[in-house]
Protein chains: 2
Amino acid sequence: MTLITKNMSSRLARSAFDLFALHGINNVNMDMIAAHSNCTKGSLYWHYDTKKAVILAACELYYRNWEEQMDHELASVKDPEKRLKKAVRYSIRHCMVDSKNRVFTLGIMGLALYDEDIKKSWAGFYDHVREYFIMLVQKAKDAGKTNAVDARRVVDLMLVAFEGIKLRTIIEPDFDVSAEEKAVYEGLMEVLGCPN
Amino acid sequence: MTLITKNMSSRLARSAFDLFALHGINNVNMDMIAAHSNCTKGSLYWHYDTKKAVILAACELYYRNWEEQMDHELASVKDPEKRLKKAVRYSIRHCMVDSKNRVFTLGIMGLALYDEDIKKSWAGFYDHVREYFIMLVQKAKDAGKTNAVDARRVVDLMLVAFEGIKLRTIIEPDFDVSAEEKAVYEGLMEVLGCPN
DNA sequence: GTTCTTCCATACTGATTGGTATGGTTGTTT
DNA sequence: AAACAACCATACCAATCAGTATGGAAGAAC
């Protein structure tokens with residue numbers, strides 16, 4: 001029985017992301033994605049030519065989601081210092097607590113090693129995030145709330161720390177999330193020249 | 001023609017590591033490993049029951065290699081501050097410049113997500129590295145060469161930064177390694193309470 | 001030199017999985 | 001209503017690859 005659905009394309013991307021983030025990209029096949037969207041492989045391959053296309057669509061979803069979450073998080077905050085702090089705290093939580101985020105990004109990294117398109121896609125997002133944070137630090141600096149000398153440098157250091165936190169959370173056997181969360185937060189705020 | 005070789009077991013592990021680090025674990029199959037060691041799959045499977053066993057053997061090789069390299073690097077240095085600085089510089093170089101290291105560890109992380117044994121193996125190594133660095137910081141602190149309050153905390157932050165550097169180096173399209181290397185080094189030495 | 005264990009080579013299998021071939025159904029255009 | 005494009009379902013293929021079956025060669029033990 002054929003059932004034509006509006007927005008099947010984005011529904012497939014959503015399913016793909018959910019499955020990728022749950023099982024890892026390598027452990028998800030095209031049949032699983034189709035089944036999860038209540039359709040078949042024929043339909044899936046009509047919307048996306050290759051698995052890689054599906055992966056890139058899932059990436060776009062991830063980027064948009066980050067943007068929306070962050071905007072939502074900072075929407076009500078006006079003070080530059082508070083905005084910076086909240087953004088950092090949200091990012092740490094995002095890296096450490098949200099296992100879907102960890103699993104997905106790790107899978108993407110593994111592919112990016114050998115695929116220029118995926119690498120380029122992710123690099124674009126990474127640049128965007130960097131500029132976003134540099135702006136936050138700059139604003140806090142203009143308000144005299146941080147003594148960071150070089151916004152770009154401290155943000156770069158913070159971002160690699162974020163990435164590292166994801167990896168570490170994966171391998172740490174038992175991990176007191178809330179305690180570590182606080183420690184990492186304080187460490188990073190020192191780096192940002194903005195201690196409590 | 002059958003040719004019995006001494007130490008075929010470790011030669012296979014060596015081949016496995018080299019191939020994993022070059023092509024990524026997922027892109028290397030058992031035939032490739034055997035061929036690279038100039039033997040056949042029959043022999044490979046006599047020494048290692050499963051691919052996972054080969055992977056774990058490659059990990060052990062990696063651990064030993066880290067240990068030896070680090071010892072060699074610090075062998076001639078006596079001053080605690082210099083030892084710490086050299087260890088940090090070596091680690092950054094190791095993460096940023098050595099692509100084999102990046103590729104291999106990234107692959108391992110991807111597997112560790114879904115395999116307890118690999119996760120446990122890697123976590124053990126990670127703990128070892130952490131203790132190693134904490135000791136270095138502690139010694140520098142005892143010598144009054146750093147004002148780091150909590151050695152464990154700064155080392156943790158540094159280690160996640162190392163992991164993050166690996167990931168970032170992967171996706172950065174064009175990357176001025178030497179310039180970044182210096183920036184990261186200085187940032188980390190500040191974190192360690194030991195600026196130049 | 002026979003026996004036994006260790007070690008290696010060849011050929012094969014079974015399962016997985018991206019991707020395709022093909023034909024049907026829905027909705028729109030003329 | 002006929003033609004056409006957009007969309008979906010079913011069945012299949014071809015390649016890949018971890019792991020096995022089996023037999024043989026090298027070296028040690030006696």
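By convention in this document, chain letters (A, B, ...) are assigned in the order of the sequence lines, proteins followed by strands, and residues within each chain are numbered from 1.
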Once ring-ring contact (aromatic ring centres under 6.0 Å, His included) is applied, do any residues pair with [X], and if so which ones, sequence neighbours excluded?
| X | answer |
| --- | --- |
| A:Phe17 | A:Phe104 |
| B:Tyr114 | none |
| B:Tyr63 | B:Trp122, B:Phe125 |

Pairs under 3.5 Å (N/O, protein and nucleotides 14-17 of chain C):
| from | atom 1 | to | atom 2 | distance (Å) |
| --- | --- | --- | --- | --- |
| C:dT17 | OP2 | A:Asn29 | ND2 | 3.1 |

**Those residues that, when tested against A:Lys82, pass salt bridge (Lys or Arg N to Asp or Glu O under 4.0 Å) (two or more places apart)** =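 Per chain and number, A:Lys82 pairs via salt bridge (Lys or Arg N to Asp or Glu O under 4.0 Å) with no residue.
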**Qualifying salt bridge (Lys or Arg N to Asp or Glu O under 4.0 Å) pairs with a residue from residues 36-47 of chain A, counting only residues at least two apart or across chains** =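 Qualifying pairs: A:Asp31-A:Lys41.
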**Message:** Please compare A:Tyr45 and B:Ser43 by the position of their nearest nucleotide in DNA chain C and report the one closer to 5'.
**Reply:**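 Mapping each residue to its closest nucleotide by heavy atoms, the 5'-most match is B:Ser43.
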**Asked** Pick the nucleotide of DNA chain D nearest each of A:Asn38 and B:Val28; which residue has the one closer to the 5' end?
**Response**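 So the residue in question is A:Asn38.
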**Message:** Taking 4.0 Å as the cut-off, does a side-chain nitrogen or oxygen of B:His47 come that near to OP1 or OP2 on C:dT6?
**Reply:** no
**Prompt:** If you check every side-chain atom of B:Trp46, which of C:dT6, C:dA9, D:dA6 has the closest atom?
**Reply:** C:dT6
**Nearest to side-chain heavy atoms of A:Thr40, which nucleotide of C:dC7, D:dA9, C:dT20** = D:dA9
Whole angstrom value for the distance that separates [atom2] of [N] from [atom1] of [X]:
| X | N | atom1 | atom2 | result |
| --- | --- | --- | --- | --- |
| B:Leu44 | D:dT20 | CG | P | 12 Å |
| A:Ile33 | C:dG19 | CD1 | P | 11 Å |
| B:Met8 | C:dA9 | CE | C1' | 11 Å |
| A:Asn7 | D:dA6 | CG | P | 17 Å |

**Request:** Please name the residue in the list A:Lys85, A:Lys78, A:Arg83 that meets the salt bridge (charged side-chain N to carboxylate O under 4.0 Å, His left out) test with A:Glu81.
**Result:**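 Of the listed options, the one satisfying the test is A:Lys85.
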